Engineer: 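Below you'll find the structure I mean.
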Amino acid sequence: MLNLILFGPPGCGKGTQSARLIGKYQLVHLSTGDLLRSEITRGSELGFEAKKLMDQGILVPDEVVIGMINAKLESQKNTNGFIFDGFPRTIAQAAALDNLLSEKKTAIRALLSLEVDFDELIKRILLRGKDSGRSDDQDPEIIGKRVNEYNLKTAPLIEYYKKQHKYYSILGIGSVDEIFQNLCSVIDTLK
Ligand code: ADP
């Protein structure tokens with residue numbers, strides 16, 4: 001199986017690029033942000049609790065997102081692999097993912113880290129907020145909080161995956177096509 005993590009700060013383009021990668025490599029896209037937003041739309045208890053945190057730019061508890069990912073892995077047994085988008089976001093999530101995959105006799109092949117500078121991130125998120133209406137994309141203070149959470153809790157994953165020799169840095173600036181090409185040229189060396 002080809003299991004990839006698409007990694008990077010909020011607004012770096014993970015969702016856009018995942019949508020293209022699943023078509024080219026026949027992978028299943030697992031975005032914890034999308035899964036949480038669909039819980040909110042469904043009006044579930046989980047969605048209700050998650051929304052309170054998401055609207056403040058705070059991460060949802062590890063057990064919640066790990067449970068959601070586990071359920072999705074179970075329901076998608078016959079796939080070429082997964083693209084994890086927005087997960088893992090903490091060391092505890094990464095360790096849990098390693099365990100879940102090893103129970104299924106598979107593993108993460110690579111973490112692809114999209115590098116985008118801070119000013120560009122803020123621009124992209126505010127633009128997305130206008131189009132999508134996502135409440136956590138519209139307030140510069142909340143966006144700043146999300147970037148803080150990223151730096152504090154998520155950026156340490158870079159070392160975690162470097163130790164496993166699975167870390168790849170990808171230039172995330174340029175057109176959507178150019179960035180897609182940057183990703184594909186790394187993925188094609190993995191296959
Ligand atoms: P972005 O990466 O652009 O911030 P996401 O849709 O991935 O957007 O995430 C939106 C929010 O959902 C996060 O700020 C966080 O509150 C919550 N969330 C998403 N994925 C996770 C995760 N793996 N762990 C904890 N919280 C998460």
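Just so you know, ligand 1 is whichever comes first in the structure, and atom 1 is the first atom listed for that ligand. Positions are given from 1 along the sequence. What you see below is based on every heavy atom in this structure, not just the backbone, and it leaves out hydrogens, waters and symmetry mates. Just so you know, these numbers come straight off a predicted model, no measurement behind them.
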Engineer: Just jot down the side chain to side chain contact (heavy atoms under 4.5 Å, CB included) partners of Ala96, sequence neighbours excluded, or say none.
Structural biologist: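 Ala96: side chain to side chain contact (heavy atoms under 4.5 Å, CB included) contacts with Ile66.
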
Engineer: Quick one about Asp62 and Gln93 (side-chain donor to acceptor, distance below 3.5 Å, no hydrogens or angles considered), yes or no?
Structural biologist: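 Short answer, yes.
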
Engineer: Tell me the residues surrounding ligand 1, counting only those with a heavy atom closer than 4.0 angstrom, sorted by chain and number.
Structural biologist: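 Within the 4.0 Å shell of ligand 1, which is judged on heavy atoms, sit Pro10, Gly11, Lys14, Thr32, Gly33, Leu36, Arg37, Met54, Ile58, Leu59, Val60, Val65, Gly86, Phe87, Arg89, Gln93, Arg128, Arg134, Asp136, Arg146.
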
Engineer: Can the positive tip of Lys162 be found less than 6.0 Å from the middle of the six-membered ring of Tyr167, inside 45° of the ring normal?
Structural biologist: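 Lys162 over Tyr167 ring: yes.
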
Engineer: Regarding Thr41 and Glu39, do their side chains bring together a donor and an acceptor under 3.5 Å, going by distance alone?
Structural biologist: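 On atom types as modelled, these side chains do not qualify, holding no pair under 3.5 Å.
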
Engineer: Mind checking what makes side chain to side chain contact (heavy atoms under 4.5 Å, CB included) contact with Leu73, not counting sequence neighbours?
Structural biologist: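 In terms of side chain to side chain contact (heavy atoms under 4.5 Å, CB included), with neighbours along the sequence ignored, Leu73 is linked to Leu30, Ile69, Phe82, Phe84, Leu100, Leu101, Lys104.
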
Engineer: Which residues satisfy the salt bridge (charged side-chain N to carboxylate O under 4.0 Å, His left out) test with Lys72, sequence neighbours excluded?
Structural biologist: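 Expected list: none.
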
